[in-house]
Engineer: 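Below you will find the structure I want to go over with you.
In this text, all values refer to a predicted model and were calculated from it rather than measured experimentally.
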Amino acid sequence: MPTNTETKKQQNQGFFGNLAFNIVIPVLIMSYGSGEEYLGPAWSIVVALAFPIVYGLWDLKQSGKVNGFSILGIVSVILTGGISLLKLPAEYIAIKEAAIPALIGIAVLVTQFSKKPLVKMLILNDQIINWETLNKSLDEKGKQQEFKKKVANSSYIVASSFFLSSALNYILAKMILVSEPGTTAYTEELGKMTMLSYPVIVIPSMILLVTALWYLFSQIGKITGEELDTFLNQ
């Protein structure tokens, strides 16, 4: 079993790997390598988007299991490349950017009525919560139904974060992608959009996700009457 130090090291490597291969490297290539004297508009997109695709496939192989969000990320990158290389109107990029988080938000709302709500995988997965201990405590106190209502409430918060991301994605794409597809200017704008996606989209969405996590953590303590540490995987 990995120690806390090893786990933190892996998390840091994962964070910096994601940042480098999904944001920094593609942005640099599209911003500075799209001129005709370098890679050109088309090849700079191909090379730039190859990094997140290869990294995503490598991450899937390393984890040893299929992650729906990783696959969705790879598909998103491929669609961006395909739309750009086919020189389709920028509107298609804006629609694609908005559609993916919107679909996840809908999935969060729909699955809350199933036995495996998506919100549990997003913010209360097995790496965070010891479900065996928590379910035992909820059963003993007859609080399973009450807890399910709290999970449903958190689903609305999580879904709202994806709907917010959807709206911001669309607005960002419409504001930045204004040049003719297939040109150097368009490729540079695509790089700029990728760069701005983190501060403009990810940060507000993360605030809502953390709010949902804080809400559920506080409710676990209130419902069970026990310290939250009791149910956390150390």
Engineer: For residues Met30 and Ser44, report the shortest heavy-atom separation together with the two atoms involved.
Structural biologist: CG-O, 4.2 Å
Engineer: Heavy atoms only: give me the nearest Val200-Leu168 pair and the separation to one decimal.
Structural biologist: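 Answer, listing the atom of Val200 first, then Leu168: O-CD1, 3.4 Å.
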Engineer: Decide whether Tyr92 and Ile78 are clustered together by the hydrophobic rule: side chain heavy atoms of Ile, Leu, Val, Met, Phe, Trp, Tyr closer than 4.5 Å, transitively.
Structural biologist: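 Yes, same cluster.
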Engineer: Find the distance between CD (Glu188) and OG (Ser34) and round it off to the nearest 0.5 Å.
Structural biologist: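 Rounded to the nearest 0.5 Å, the CD-OG separation comes to 4.0 Å.
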Engineer: Does Ser161 reach the main-chain N or O of Val158 with its side chain, forming a donor-acceptor pair under 3.5 Å?
Structural biologist: yes
Engineer: Distance-only criterion, 3.5 Å: show the donor-acceptor pairs between side-chain atoms of residues 217-226 and protein atoms not counting sequence neighbours.
Structural biologist:
unit_1	atom_1	unit_2	atom_2	d
Ser218	OG	Trp214	O	3.3
Ser218	OG	Tyr215	O	2.7
Thr224	OG1	Ile220	O	2.7
Thr224	OG1	Glu226	N	3.2
Glu226	OE2	Ser137	OG	2.9
Glu226	OE2	Lys141	NZ	3.2

Engineer: For Trp43, I'd like to know if atom CH2 has over 12 heavy atoms of other residues, nucleotides or ligands within 6.0 Å.
Structural biologist: no
Engineer: Strictly below 4.0 Å, N to O, side chains only: are Glu180 and Lys87 in salt-bridge contact?
Structural biologist: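 Not counted as a salt bridge, because no side-chain N and carboxylate O are separated by less than 4.0 Å.
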Engineer: Count the heavy atoms of every other residue, nucleotide or ligand shown that sit under 6.0 Å from CD of Glu132, and state whether that count exceeds 12.
Structural biologist: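 Open: at most 12 neighbouring heavy atoms sit under 6.0 Å from CD of Glu132.
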Engineer: Going by distance alone, is a donor N or O of one side chain under 3.5 Å from an acceptor N or O of the other, for Glu189 and Ser179?
Structural biologist: yes
Engineer: Given the rule in the side-chain contact (heavy atoms from CB on, under 4.5 Å) test, do Lys148 and Gln112 qualify, once you have shown the distances and angles that lead to the verdict?
Structural biologist: CA-CA 9 Å; Lys148 286 180 180 179; Gln112 70 170 303; over 6 Å; no
Engineer: To check you understand the geometry: which heavy-atom pair defines the closest contact between Pro181 and Leu88, and what is its length?
Structural biologist: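 It is CG-O, 3.3 Å.
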Engineer: Under the 4.5 Å side-chain heavy-atom rule for ILVMFWY, direct or indirect, which residues accompany Ile207?
Structural biologist: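 Hydrophobic cluster check, Ile207: joined to Ile203.
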Engineer: Give a yes or no answer on whether the side chain of Asn169 reaches the backbone of Ala98 with a donor-acceptor pair at less than 3.5 Å.
Structural biologist: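 Checked: no pair found.
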Engineer: Which of these, Glu140, Glu146, Gln145, sits in a side chain to side chain donor-acceptor pair (under 3.5 Å) with Lys143?
Structural biologist: Glu146
Engineer: Please tell me whether Phe162 and Leu109 are part of a single hydrophobic cluster in this structure, the criterion being side-chain heavy atoms less than 4.5 Å apart.
Structural biologist: no
Engineer: Taking all atoms of both residues into account, what is the closest heavy-atom pair of Ala212 and Ser154, and its distance?
Structural biologist: CB-O, 4.1 Å
Engineer: Is Ile171 linked to Val178 within one hydrophobic cluster, defined over Ile, Leu, Val, Met, Phe, Trp and Tyr using a side-chain heavy-atom separation of less than 4.5 Å?
Structural biologist: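 Hydrophobic grouping puts Ile171 apart from Val178.
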Engineer: If we ignore hydrogens and angles and just use 3.5 Å, is the side chain of Ser114 paired with the main-chain N or O of Val110 as donor and acceptor?
Structural biologist: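 Not at all, since once roles are kept as given, no pair shorter than 3.5 Å links the two residues.
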Engineer: Could you list the donor-acceptor pairs under 3.5 angstrom formed between side-chain atoms of residues 99-107 and any protein atom two or more places apart in sequence or on another chain?
Structural biologist:
none

Engineer: Nearest heavy-atom pair of Ile45 and Gly81: which atoms, and what distance?
Structural biologist: CG2-CA, 4.2 Å
Engineer: Out of curiosity, does Phe163 fall in the hydrophobic cluster containing Leu208 (side-chain heavy atoms, cut-off under 4.5 Å, transitive links)?
Structural biologist: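 Different hydrophobic clusters.
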Engineer: Quick check: does any side chain N or O of Thr111 sit under 3.5 Å from a backbone N or O of Leu118, one acting as donor and the other as acceptor?
Structural biologist: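 Here the side-chain-to-backbone pair exists.
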Engineer: Taking atom NZ as the centre, does Lys192 end up with more than 12 heavy-atom neighbours from other residues, nucleotides or ligands that are less than 6.0 angstrom away?
Structural biologist: no
Engineer: Write down the atom of Ile201, the atom of Ser165, and the distance for their closest heavy-atom approach.
Structural biologist: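 Closest heavy-atom pair between Ile201 and Ser165: CG2-OG, 3.2 Å.
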Engineer: Can you check whether Tyr170 reaches Glu91 side chain to side chain, under 4.5 Å on heavy atoms?
Structural biologist: yes
Engineer: Hydrophobic clustering (ILVMFWY, side-chain heavy atoms < 4.5 Å, transitive) - are Ile83 and Leu177 grouped together?
Structural biologist: yes
Engineer: Got Asp139 and Gln144 here, is their nearest side-chain heavy-atom distance under 4.5 Å?
Structural biologist: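 Yes - at least one pair of side-chain heavy atoms lies under 4.5 Å apart.
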